[in-house]
Amino acid sequence: MMKEKKIRIPVKREEEETEIVDEGPVAEEEAQVVEAAQQAAEEAQAAQAEAEAERDRLAAERDDWRDKALRLQAEMINFRKRQERHAENRIESERERLLRAMLEVADNLEKALANADRDDPLYRGVKITYDGLLNFLRQEGVEAIEAEGRPFDPNWHEAVAKVPAQEGHEADETVVAVERKGYRRGEKVLRPARVVVSVKS
């Protein structure tokens with residue numbers, strides 16, 4: 001049996017022809033795409049500018065509200081301080097009023113002691129009460145104003161009478177007698193001393 005013999009015959013392919021297409025419509029489409037891209041870019045820029053303007057507006061509004069809040073907070077702090085000062089002043093004023101009333105009580109107890117018999121048991125009770133009141137006044141910082149023999153000072157003394165100065169004994173405007181004791185609390189006068197002042201003629 002004879003074998004079949006296969007013979008290969010080379011086939012030469014014809015070169016493919018390149019088709020030349022008119023690029024007119026493609027260039028037009030590219031121009032449209034470019035134009036659309038430019039328009040989109042412009043819109044994006046406009047949107048970004050609008051967003052930045054909105055951001056700036058919101059930031060300004062935020063800063064305004066923050067400023068108002070800080071001012072309000074400062075006003076509240078100042079108001080609280082004013083109220084505290086007002087309360088402290090009122091408390092101090094009431095304390096001074098009470099202390100002045102206590103001074104009137106001290107005056108009455110002094111008069112009672114001056115006119116009482118030292119052997120009377122009542123004298124001892126009044127003296128204990130008077131000493132206790134003076135101790136309370138000292139604890140509150142109340143001190144008697146020194147007056148007799150000192151130069152007259154209108155800040156501490158209230159002149160109720162004037163007498164001629166004794167020759168060679170007293171300087172002009174010297175306190176020679178105290179009609180009613182004066183008291184001070186620190187540098188503040190609770191009650192001026194009522195005094196008699198000597199003056200040179």
Side-chain angles (χ1 to χ4, degrees), residues 62-201:
R62 177 203 62 203
D63 292 343
D64 185 48
W65 280 109
R66 181 185 295 154
D67 185 54
K68 287 178 181 176
L70 290 173
R71 277 202 306 271
L72 184 60
Q73 185 179 16
E75 286 176 10
M76 286 298 295
I77 291 171
N78 290 335
F79 175 76
R80 190 180 303 118
K81 287 180 179 177
R82 282 195 305 272
Q83 289 300 101
E84 288 173 358
R85 279 196 302 270
H86 178 70
E88 288 171 2
N89 291 339
R90 185 161 185 175
I91 290 169
E92 186 64 21
S93 177
E94 286 299 309
R95 179 180 284 122
E96 289 176 2
R97 186 186 65 78
L98 177 63
L99 292 173
R100 287 189 190 98
M102 293 293 104
L103 294 177
E104 297 295 329
V105 175
D107 290 343
N108 293 333
L109 291 174
E110 275 185 15
K111 289 174 186 174
L113 289 172
N115 296 308
D117 184 359
R118 287 179 178 267
D119 296 328
D120 189 343
L122 185 61
Y123 177 89
R124 188 164 181 266
V126 174
K127 183 75 165 67
I128 290 171
T129 304
Y130 177 67
D131 290 342
L133 179 57
L134 289 183
N135 187 47
F136 166 75
L137 291 172
R138 275 193 295 272
Q139 287 176 351
E140 290 295 317
V142 178
E143 300 176 75
I145 294 173
E146 297 182 5
E148 192 166 353
R150 292 181 172 269
F152 173 74
D153 185 345
N155 294 316
W156 303 102
H157 310 136
E158 179 185 346
V160 294
K162 292 184 179 181
V163 296
Q166 294 181 5
E167 195 66 36
H169 291 283
E170 295 156 1
D172 191 27
E173 294 193 346
T174 299
V175 176
V176 293
V178 178
E179 293 290 324
R180 186 186 71 175
K181 281 185 180 179
Y183 292 90
R184 65 187 178 90
R185 190 163 176 259
E187 294 302 311
K188 190 167 186 179
V189 176
L190 285 176
R191 188 178 78 180
R194 288 182 181 171
V195 298
V196 177
V197 182
S198 66
V199 291
K200 287 186 176 179
S201 50

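Residue indices begin at 1 and follow the sequence shown. Treat the numbers as computed from the prediction; the structure is a model and nothing was measured.
In this structure, the separation between CG on Asn135 and CG on Asp131 is 8.5 Å, given to the nearest 0.5 Å. To the nearest 0.5 Å, the span separating CZ on Arg184 from CD on Glu143 amounts to 4.5 Å. To the nearest 0.5 Å, the span separating CD on Glu146 from NZ on Lys181 amounts to 11.5 Å. Rounding to the nearest 0.5 angstrom, the gap separating the CG atom in Leu103 from the CZ atom in Arg180 is 8.5 Å. A distance of 12.5 Å separates OG1 of Thr129 from CG of Asn108, quoted to the nearest 0.5 Å. Atom CZ of Arg62 is separated from atom CH2 of Trp65 by 14.5 Å, given to the nearest 0.5 angstrom.
No side-chain donor-acceptor contact under 3.5 Å links Arg118 to the backbone of Tyr123. Within the 3.5 Å criterion, the main-chain N or O of Ser198 finds no donor-acceptor partner in the side chain of Thr174. Panel note: side chain His86, backbone Arg82; no donor-acceptor pair is recorded below 3.5 Å. Side-chain N or O atoms of Ser93 include none that pairs as donor or acceptor with a backbone N or O of Asn89 at under 3.5 Å.
Side-chain contact check for Glu104 versus Arg191: some heavy-atom pair is nearer than 4.5 Å. Looking at Leu137 and Leu99, their side chains come closer than 4.5 Å, going by heavy atoms from C-beta outward. The closest side-chain heavy-atom distance from Val189 to Trp156 is below 4.5 Å.
Comment: Arg90 does not engage Glu94 in a salt bridge, judged by the lack of any side-chain N to carboxylate O separation of less than 4.0 angstrom. Between Lys81 and Glu84 there is no salt bridge, since none of the side-chain N atoms of the basic residue sits less than 4.0 Å from a carboxylate O of the acidic one. Looking at Glu92 and Lys188, no side-chain N of the basic residue comes within less than 4.0 Å of a carboxylate O on the acidic one, giving no salt bridge. Residues Lys111 and Asp107 are not paired through a salt bridge, judged by the lack of any N-O separation under 4.0 Å between the basic side chain and the carboxylate.
Minimum interatomic distance between Val142 and Arg185 (heavy atoms only, all atoms of both residues): CG2-CD, 4.3 Å. Of all the heavy atoms in Val195 and Ala147, the pair that sits closest is CG1-CB, 4.0 Å. Minimum interatomic distance between Leu113 and Lys127 (heavy atoms only, all atoms of both residues): CD2-N, 3.7 Å. Nearest heavy-atom pair, His157 versus Pro192, reported as atom, atom and distance to 0.1 Å: C-CB, 4.3 Å.
The number of heavy atoms from other shown groups lying within 6.0 Å of CZ (Arg100) is above 12.
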* Could you go through the side chain to side chain contact (heavy atoms under 4.5 Å, CB included) check for Leu70 and Gln73 one step at a time? => CA-CA 5 Å; Leu70 290 173; Gln73 185 179 16; 3.9 Å; yes
